[in-house]
Amino acid sequence: MSKRTLYSILAIVIVLGVYAYEHFLSEEEKSEIIEAGNTVKIDTNEYFLPSSTTGQIVHHEGYSLSYSEPHEQAEWVAYELKKSHLSNTNHKRPYFEIDKAVKTGAADWKNYKNSGYDRGHLCPAGDRKYSQNAHDETFLTSNISPQLHDFNSGIWNTLEQKVRYWASKYDGVFVVTGGVLKGNMKTIGDEEVSVPNQFFKVLIDNNTGKTKMIAFLMPHENSNKPLYEFVVSVDSIEVLTGIDFFPELDDAIEDKLEASNSYKNWSFN
DNA sequence: CTGCTCTAC
DNA sequence: GTAGAGCAG
């Protein structure tokens with residue numbers, strides 16, 4: 001066999017391989033291959049990402065975010081919390097790092113030092129315990145917002161634990177979290193990181209057959225009230241923030257679910 | 001779980 | 001800067 005013939009056969013094999021990859025593998029299989037190769041960030045098509053009002057969406061392996069440069073923090077952080085993500089592994093807590101993936105320059109963690117505010121995770125470290133990398137990735141400064149310690153370790157922590165409970169009970173939920181970056185806000189540090197006056201968390205469960213949503217809006221202060229008293233409609237958070245949640249949903253379903261402030265499909269036990 | 005601070009090298 | 005222990009809600 002001549003070299004020329006060999007090259008021709010090789011070329012045909014490559015073309016056919018690419019064709020097969022493009023046309024015969026499902027989207028899910030593709031994203032698995034990409035993840036296995038560890039070359040690209042997550043396949044965002046399988047996620048319900050909200051719209052960005054800032055034009056800067058950043059993808060990490062364990063979560064995506066929309067960064068607001070004027071407020072030096074994310075306007076939202078979104079990720080899927082699968083049941084399989086839940087873990088009891090204890091990871092060593094790393095240092096916070098500036099997120100280099102934020103092109104406009106993410107805030108330095110030193111803004112928070114002696115500010116009186118916690119570096120509050122938006123995607124909690126407790127939701128990414130399935131690997132050391134995923135856990136450490138939550139310690140990027142694009143994933144934190146100034147929070148009062150009483151609030152962070154109090155009612156907000158209670159809500160985060162309830163989300164993990166739901167992820168287990170409903171075989172995964174998709175989570176969007178952020179501070180409301182509107183109105184008059186205090187700032188901290190040389191870079192003037194805004195201190196949100198309210199925080200929101202929006203959940204969608206698309207795994208248990210019937211799609212359901214729930215949204216929480218909390219004032220930036222601790223509370224002893226039960227969680228369900230903070231439930232609002234997704235629409236009301238969209239009005240407040242300008243963010244469009246779950247635009248990829250079928251419009252009829254989106255409109256109906258986002259208008260509701262009912263929590264009857266979510267167990268608060 | 002959510003964090004900060006202090007000591008030591 | 002890094003590593004660890006200790007403390008608090």
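Each chain gets a letter, A, B and so on, in the order its sequence line appears, and its residues count up from 1.
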Could you name each residue pair satisfying salt bridge (charged side-chain N to carboxylate O under 4.0 Å, His left out) that touches residues 119-129 of chain A, not counting sequence neighbours?
A:Asp127-A:Arg164
Residue pairs passing the salt bridge (charged side-chain N to carboxylate O under 4.0 Å, His left out) test with at least one member in residues 198-223 of chain A, sequence neighbours excluded, are A:Asp205-A:Lys212
For a quick test of your reading: what N or O donor-acceptor pairs under 3.5 Å do the side chains of residues 253-263 of chain A make, sequence neighbours left out?
from	atom 1	to	atom 2	distance (Å)
A:Ser260	OG	A:Ser262	N	3.0
A:Ser262	OG	A:Lys264	N	3.3

Set of side chain to side chain donor-acceptor pair (under 3.5 Å) partners for A:Lys186, sequence neighbours left out:
A:Tyr117
Please enumerate all residues that pass side chain to side chain donor-acceptor pair (under 3.5 Å) together with A:Thr89, with sequence neighbours excluded.
A:Ser87
Give one of base, sugar-phosphate or nothing for [X], where a contact means two heavy atoms less than 4.0 Å apart.
| X | answer |
| --- | --- |
| A:Gln147 | nothing |
| A:Lys129 | sugar-phosphate |
| A:Arg119 | sugar-phosphate |

Contacting residues from residues 120-127 of chain A, given that a heavy atom lies under 4.0 angstrom of DNA chain B
A:Gly120, A:His121, A:Pro124, A:Ala125, A:Gly126
Just to verify, what does [X] make a side chain to side chain contact (heavy atoms under 4.5 Å, CB included) with, not counting sequence neighbours?
| X | answer |
| --- | --- |
| A:Thr53 | A:Glu75, A:Ile243 |
| A:Asn197 | A:Met185 |
| A:Pro94 | A:His135, A:Asp136, A:Phe139 |

Holding to ring pair (Phe, Tyr, Trp, His ring centres under 6.0 Å), I want the full list of residues that pass it with A:His149, two or more places apart in sequence or in another chain.
none
Closest-nucleotide mapping onto DNA chain B: is A:Asn114 or A:Asn88 further toward the 5' terminus? I mean the 5' end.
A:Asn88
For the residue pair A:Tyr95 and A:Trp109, is the inter-centroid distance of their aromatic rings smaller than 6.0 Å?
no
For a 4.0 angstrom threshold against heavy atoms of chain A, report the outermost contacting nucleotides of DNA chain B in 5' to 3' order.
B:dC1 to B:dC4
Letter per nucleotide, 5' to 3', of nucleotides 3-9 of chain C [B base touched, S only sugar-phosphate touched, - untouched; heavy atoms, 4.0 Å]:
BS----B
